[in-house]
Amino acid sequence: MNERLSFSNQLVIGIMLFALFFGAGNLIFPASLGQNAGTALFFAVVGFLITGIGLPFLGTLAMGFSGSRSLQDLAGRVHPFYGIAFTVALYLTIGPFFALPRTGAVAYEIGIQPFVSESFAQTGLLLFTIVFFGITLWLSLNPTKIVDRVGKYLAPIIIIGLAILILAALFNPVGSFTGPTEAYQTNAFMTGFTEGYNTMDALASLVFGIIVIESIRRLGVTSTKGILKVTAKSGGIAVLFLGLIYAGVAYLGATTTEAFGIFDNGGPVLSTAADYYFGAMGLAVLGVVIIAACLTTAIGLTTATAEYFNTLFPSISYKAFVVFFIVITTIFANFGLSSIITYSIPVLLLLYPLAITLILLTFAAPLFGHQRWVFVAVTFVTFLISIVDGLKGFFGDAAPSWLASIVSVYDSILPFYGLGLGWLIPFLIIVVIGIVTARMTSTPTTAN
């Protein structure tokens with residue numbers, strides 16, 4: 001069987017992966033970063049790109065590298081029960097609880113709300129989300145068409161529309177860069193690094209990676225080596241498009257601060273810039289681009305979530321899960337974008353370190369002989385750190401004294417804890433011990 005794909009097939013898969021990743025948060029956060037980073041834009045963007053596209057790329061590769069046929073299979077290397085619990089939590093997070101409702105809320109607030117009166121805003125959100133997620137429902141009921149529908153038709157709309165806006169900013173900037181805000185004054189790189197977490201793409205990569213791998217298998221590539229090679233090449237195409245657009249949108253944001261001031265989020269940055277350059281027609285084009293971008297992500301998230309729960313509960317049909325999740329998503333989307341973002345923060349602080357360490361363990365596993373105890377130890381320690389961060393994000397300034405005490409201890413004993421990387425040194429120590437013990441005991445290097 002042919003283990004190679006033509007460049008055209010790799011391009012289609014790469015654009016599909018780009019379109020699946022490029023959705024709601026990917027439009028908001030780079031623009032907001034640019035506004036706040038100002039003259040520190042370069043280092044902030046580099047940090048953002050590492051987590052905004054670097055981690056998702058690694059997550060997609062990890063699925064191909066591991067040979068796992070599902071996220072549950074991969075996470076099950078820690079323990080079968082953990083595999084189910086982590087996978088369910090991740091799917092619900094990037095599915096009906098947070099990321100999926102966010103796609104509809106962002107599409108409305110940027111693409112539609114500028115054209116409706118304030119008194120009609122809530123009713124308009126309800127009507128829009130019914131239509132938006134109704135289309136998502138229809139397109140998600142036939143997932144075998146995802147490559148054609150997403151990769152060939154919707155993604156080019158996103159790329160061309162945003163390219164026009166970014167080129168306008170490059171050749172005729174709204175204004176000059178201003179000084180960075182406080183968060184970017186002392187450590188722009190790490191601020192941008194952690195800002196990239198907000199896209200949720202590292203979490204989504206563990207789901208979208210399966211979609212990509214299955215698409216590659218259907219095209220005739222079945223070996224682990226062949227899948228990994230095609231995934232890397234297709235992922236590289238997605239990374240290129242994502243990187244150019246992220247950097248361009250961040251630049252756009254940085255050039256608007258002087259003229260328009262700093263907005264609460266990146267949505268008004270894009271709509272205001274479109275109105276500045278192209279007037280009402282620009283706003284209309286931007287609305288189409290935003291809705292297309294969010295729709296592609298919504299299709300991918302709905303499809304992946306329904307397929308997983310159908311495998312977990314096969315007595316309930318895939319179509320029934322699609323309908324159920326779309327109904328839940330539509331309800332949550334009507335709480336509004338700000339509420340969705342606020343409630344998602346504690347969950348992301350809990351899940352993100354667990355996802356990152358799982359990705360890194362996947363690549364490091366051959367070095368420590370795939371010893372299960374390394375997976376268990378790293379995950380346990382990471383959980384002890386991330387659960388505290390999640391609670392800290394939940395309580396905010398009203399954190400109880402016992403939680404403040406734990407945070408103080410963590411901050412004093414864990415390097416980089418203040419940067420959100422408290423898990424890094426424990427991870428390295430455990431992996432190094434695993435490598436040493438694997439060599440001492442000559443542990444076989446075959447996966448469990």
So with a 6.0 Å cut-off around [atom1] of [X], is the heavy-atom count from everything else above 12?
{"X": "K392", "atom1": "NZ", "answer": "yes"}
{"X": "F43", "atom1": "CZ", "answer": "no"}
{"X": "F394", "atom1": "CZ", "answer": "no"}

If you look at every heavy atom in [X] and [Y], which pair is closest and at what distance?
{"X": "L49", "Y": "G243", "value": "CD2-CA, 4.1 Å"}
{"X": "I340", "Y": "F98", "value": "CG2-O, 3.6 Å"}
{"X": "A274", "Y": "L286", "value": "CB-CD2, 3.9 Å"}
{"X": "A183", "Y": "T191", "value": "O-OG1, 2.8 Å"}
{"X": "G52", "Y": "Y246", "value": "O-CE1, 4.0 Å"}
{"X": "G59", "Y": "S205", "value": "CA-OG, 3.3 Å"}

Evaluate side chain to side chain contact (heavy atoms under 4.5 Å, CB included) for Q72 paired with Y308, printing each intermediate quantity in order. CA-CA 9 Å; Q72 182 179 320; Y308 172 69; 2.8 Å; yes
Between F325 and F309, is the ring centre distance below 6.0 Å? yes
Do F48 and Y197 have ring centroids that are under 6.0 Å from one another?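 No, the ring of Y197 stays outside the 6.0 Å limit from the ring of F48, centre to centre.
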If you round to the nearest 0.5 Å, how far is [atom2] of [Y] from [atom1] of [X]?
{"X": "T302", "Y": "L139", "atom1": "OG1", "atom2": "CG", "result": "10.0 Å"}
{"X": "L337", "Y": "I110", "atom1": "CG", "atom2": "CD1", "result": "8.0 Å"}
{"X": "N334", "Y": "Q122", "atom1": "CG", "atom2": "CD", "result": "6.0 Å"}
{"X": "I50", "Y": "T194", "atom1": "CD1", "atom2": "OG1", "result": "11.5 Å"}
{"X": "F208", "Y": "L301", "atom1": "CZ", "atom2": "CG", "result": "4.0 Å"}
{"X": "L141", "Y": "I326", "atom1": "CG", "atom2": "CD1", "result": "8.5 Å"}

Is there a side chain to side chain contact (heavy atoms under 4.5 Å, CB included) between I13 and L219? Walk through the geometry before answering. CA-CA 11 Å; I13 295 174; L219 292 171; 3.7 Å; yes
Validation: residues 375-387 side-chain donor-acceptor distances under 3.5 Å, sequence neighbours left out:
residue : atom : partner : partner atom : Å
T379    : OG1  : F375    : O            : 2.7
T382    : OG1  : V378    : O            : 2.7
S386    : OG   : L350    : O            : 3.2
S386    : OG   : T382    : O            : 3.1
S386    : OG   : F383    : O            : 3.4

Report the residues that fulfil side-chain contact (heavy atoms from CB on, under 4.5 Å) with T186, sequence neighbours left out, ordered by chain and then residue number.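 If we apply the side-chain contact (heavy atoms from CB on, under 4.5 Å) test to T186, skipping adjacent residues, there are no hits.
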Walk me through it: do R77 and S66 pass the test side chain to side chain contact (heavy atoms under 4.5 Å, CB included)? CA-CA 11 Å; R77 297 185 179 190; S66 68; 3.8 Å; yes
Any side-chain heavy-atom pair of F241 and I15 under 4.5 Å: yes
A side-chain contact here means heavy atoms from C-beta on lying under 4.5 Å apart; do P426 and L414 qualify?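 SC-SC contact between P426 and L414 confirmed.
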Test: side chain to side chain donor-acceptor pair (under 3.5 Å). Region: residues 400-417. Which pairs qualify, not counting sequence neighbours? D389-Y417
For the pair S344 and M200, evaluate side chain to side chain contact (heavy atoms under 4.5 Å, CB included) and give the outcome as yes or no after the intermediate values. CA-CA 10 Å; S344 69; M200 297 192 195; 4.1 Å; yes
List the atom pairs, donor and acceptor, that lie under 3.5 Å between side-chain atoms in residues 161-174 and the rest of the protein, sequence neighbours left out.
none

Measure up the Y82 and F86 rings against each other and bin them: parallel (under 30°), tilted (30 to 60°), perpendicular (over 60°).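 It falls in the parallel class, under 30°.
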Return a table of donor-acceptor pairs under 3.5 angstrom between the side chains of residues 355-364 and protein atoms on other chains or two or more places apart.
residue : atom : partner : partner atom : Å
T357    : OG1  : P353    : O            : 2.9
T357    : OG1  : L354    : O            : 3.1
T362    : OG1  : L358    : O            : 2.8

Can you pull the ring pair (Phe, Tyr, Trp, His ring centres under 6.0 Å) pairs that have at least one residue in residues 102-127, sequence neighbours excluded? Y108-F128
Checking ring pair (Phe, Tyr, Trp, His ring centres under 6.0 Å) for the pair Y251/F177: CA distance, chi angles, key distance, verdict? CA-CA 9 Å; Y251 175 84; F177 286 12; 5.7 Å; yes
